[in-house]
Amino acid sequence: ANAELFSGHPERWFEICEDLSKQDGLARRIGLAGLLNGLPGIGRAEEARAMADEALDSVRTQGSPFYIAYATLGYARAFVDVDPSKAMRVLREGAADLASIGVGFWEAVLRRELASIEAEHGDLVEALSLFDSAIESQRQANNIAHVVAALASISVVLTRLDEAAAAAIVYGSSTPYGSANRVRGLRESIERLRIALGEDQFDEHVGSGAAMSLSAAVEYARSQIARARQNAADGG
């Protein structure tokens, strides 16, 4: 089902998950988790909200860290536009549960999602703190897709903090990998950066970021997070 979704065939993904959700036991739990995770991304968040509690409760009962994280992400994405506080609460609970059983990678995934919502609806500096811990965990796990998504998300936050040059460089560091297109607010952030920097400077900074190794990009992003947090502490 996931292969169909990420290769551009959401209708086939939906058919598989819907079929599973109509079965019993583990198959139903997997199908519900799949629908909850995927429906918000294809413009069907209302349907996801209608089944969200059942889906999340069922995978918590089943106990697989993967499906708990998978359904928690879907739950948050289903509610983020109508009840961001609820979305953040569920992510915090999910991350704490995964931390308690020592599943650091999936904890970091949920904290990255929490950081993205915090950046949009809460405290930008707190969002940077969450990104800082999440991106380091994902780098250590060598999960390139999640590292790249975190870099793009950090760029969005830096843009909102009016750190245009740093934001463009961090965005540029994500571009060679081509897996950040689903990051919330990224398109609007890029347009804002083009206006703030001008086309030539924007392209120059993006090119500088694109030339970095992934490890160097993470270190640069973390240095900019530290700088932005210090500026906030100093009242700047």
Subject >> Pairs flagged by salt bridge (Lys or Arg N to Asp or Glu O under 4.0 Å) wherever residues 140-156 is involved - sequence neighbours left out >> reply: none
Subject >> Under the side chain to side chain contact (heavy atoms under 4.5 Å, CB included) test, residues paired with R229 that sit two or more places apart >> reply: V125, L128, S129, D132, I225
Original post:
Is Y171 close to L158 at the side-chain level, that is, under 4.5 Å between some pair of heavy atoms?
Top reply: no
**OP:** Could you list the residues that satisfy ring pair (Phe, Tyr, Trp, His ring centres under 6.0 Å) with Y75, not counting sequence neighbours?
**Re:** F79
Original post:
How many angstroms lie between OG1 in T175 and CG in L151, if you round to the nearest 0.5 Å?
Top reply: 10.0 Å
Original post:
How would you list all residue pairs meeting salt bridge (Lys or Arg N to Asp or Glu O under 4.0 Å) that involve residues 78-92, not counting sequence neighbours?
Top reply: D81-R184, R89-E93, R92-E118
Subject >> With L39 via side chain to side chain contact (heavy atoms under 4.5 Å, CB included) - residues at least two apart >> reply: W13, F14, L35, I42, R44, E47, A48, M51
Subject >> Straight-line distance of I154 CD1 to Y220 OH, nearest 0.5 Å >> reply: 11.5 Å
Original post:
Do E15 and R12 come close enough that some side-chain heavy atom pair is under 4.5 Å?
Top reply: yes
Taking only distance into account, with no hydrogens and no angle test, what donor-acceptor pairs under 3.5 Å do side-chain atoms of residues 200-215 form with protein atoms, sequence neighbours excluded?
{"residue": "S208", "atom": "OG", "partner": "E204", "partner atom": "O", "Å": "3.1"}
{"residue": "S213", "atom": "OG", "partner": "A216", "partner atom": "N", "Å": "3.1"}

Original post:
Counting only heavy atoms not in Q23, do more than 12 sit closer than 6.0 Å to its CD atom?
Top reply: yes
**OP:** Please check if the side chain of R28 supplies one atom and the backbone of S21 the other of a donor-acceptor pair under 3.5 Å.
**Re:** yes
Original post:
What residues form a ring pair (Phe, Tyr, Trp, His ring centres under 6.0 Å) with Y70, not counting sequence neighbours?
Top reply: F66
Subject >> Test side chain to side chain donor-acceptor pair (under 3.5 Å) applied to S7 - qualifying residues, sequence neighbours left out >> reply: H9
**OP:** Using the side chain to side chain donor-acceptor pair (under 3.5 Å) rule, collect all pairs that involve residues 148-161, keeping only residues at least two apart or in two chains.
**Re:** T159-S189
**OP:** Evaluate the side-chain contact (heavy atoms from CB on, under 4.5 Å) criterion for residues E113 and T72: first the C-alpha distance (whole Å), next the side-chain angles of each, then the deciding distance (0.1 Å), finally the verdict.
**Re:** CA-CA 10 Å; E113 189 75 13; T72 300; over 6 Å; no
**OP:** Examine the side chains of R227 and Q230 and answer whether a donor and an acceptor come within less than 3.5 Å of each other.
**Re:** no
**OP:** Name all residues meeting the side chain to side chain contact (heavy atoms under 4.5 Å, CB included) criterion together with E191; count only those two or more places apart in sequence or in a different chain, and write none if there are none.
**Re:** R194
Original post:
R29 side chain to S58 main-chain N or O, any donor-acceptor pair under 3.5 Å?
Top reply: yes
Subject >> Contact list for residues 96-109, test salt bridge (Lys or Arg N to Asp or Glu O under 4.0 Å), sequence neighbours left out >> reply: E107-R111
**OP:** List for me each residue that meets side chain to side chain contact (heavy atoms under 4.5 Å, CB included) alongside E188, sequence neighbours excluded, and say none if there are none.
**Re:** none
